[in-house]
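To start, the structure under review is shown below, and the notes come after it.
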Amino acid sequence: MPEGHTIHRLARDHHKWFGGSVVSVASPQGRFSEGADRLDGLKFKRATAHGKHLFYEFVDDGTKGLWVHIHLGLFGRFRKRKLPPQTPGQNTRMRLMNDKRCVDLSGPTRCEVLTHRGRKDVVHRLGPDPLLDEFDAEHFIASLSKRRSAIGAILLDQSAVAGIGNVYRSELLFQHRLDPFTPANQLSEDTLAALWDTAVDWLHIGVQTNRIITRFDGGSPRALPKRERLMVYKKRFCIACDEPITVSTQRQRTLYHCPRCQVARV
DNA sequence: TTTTTATGGTCAC
DNA sequence: TGACCCTAAAAAT
């Protein structure tokens, strides 16, 4: 589930459900007890997202800031619970609740309390986020023009672009018929700009629909059957030329690409 | 029933 | 490069 669109959607939903309200925070699992004890009963100010990082700001009397930082990693997941909720399961890291809503978080890579400074440190390590900086293609282009690593590797590097994950990577490369192993600095500004624009479009659609969709045959994206929402990720044959899709590993993640359509180019 | 896989990331060597 | 963290569901047996 979690690429950037998921996190931004969570921020949007959680802000709507909890923003401005007094919340109860608990850690049934115990691994976030310290944070939960500190936040329980405070006012939830807002939820924001940057790349794959979710942040909650709480109202606090000090000046250092009071934030929760959540990173879902590969397994992290939020589940909505109806009120009144049942006793949480053993793996519930955090339960967040007010008088109208309840969500349970399980399996995150990170769930921690941070100060303003701590949050800034996290965000500072991230590159531009197509969902936050959509008009900042320049920044992305300038950064990638300097990098010699393969474009397929760079798309997963959160310090280059924040929010793109393994599915969007393969799909973006296919959309632009790029060989994943082309060094980024060999790509033209036009190509990089086109990549960025596609990322902006797709991620917005992802937030809107709460799913990854990269294939559109007219009509509303949501109408497409699940199997037809992607072009190359986990496909066996190329939708354009019928050639078998190559499955490989790049930056420790499974990469799907068409060896015939995706050729190196500028 | 067991094993593998997954839309992620960090750290040590 | 590999070990490891975390959870759940799909796939293999």
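Residue numbers begin at 1 in each chain, while the letters A, B, ... track the order of the sequences.
Taking atom CG of residue Leu72(A) and atom C1' of nucleotide dA8(C), one finds them 14 Å apart after rounding to whole Å. The CZ-C1' distance, from Arg77(A) to dA6(B), rounds to 12 Å in whole Å. At whole-Å resolution of the value, CG in Leu126(A) and P in dT10(B) are 9 Å apart.
Taking atom C1' in both dT10(B) and dA8(C), one finds a spacing of 22 Å when rounded to whole Å.
Between His14(A) and the choices Phe55(A), Phe44(A), Phe78(A), the ring pair (Phe, Tyr, Trp, His ring centres under 6.0 Å) rule is met once, by Phe78(A).
Asp104(A) and Lys80(A) are not joined by a salt bridge, as no carboxylate oxygen comes within less than 4.0 angstrom of a charged side-chain nitrogen.
Within 4.0 Å of Gln252(A), counting heavy atoms only, lies at least one base atom of the nucleic acid. Counting any heavy atom pair closer than 4.0 Å across all strands shown, Arg79(A) reaches sugar-phosphate atoms only and no base atom. Among the protein residues, Arg110(A) comes within range of no part of the nucleic acid, since none of its heavy atoms lies under 4.0 Å from any strand.
Contact annotation: His71(A) reaches the phosphate of dG9(B) (side-chain N/O to OP1 or OP2, under 4.0 Å). For the pair Asn166(A) and dA6(B), the criterion of a side-chain N or O lying under 4.0 Å from OP1 or OP2 is not met.
Candidate nucleotides dG8(B), dA6(B), dT7(C) were compared by shortest atom distance to the side chain of Gln29(A), and dT7(C) ranks first.
Annotation: Arg147(A), atom CZ; neighbour count of heavy atoms from other residues, nucleotides and ligands within 6.0 Å is above 12.
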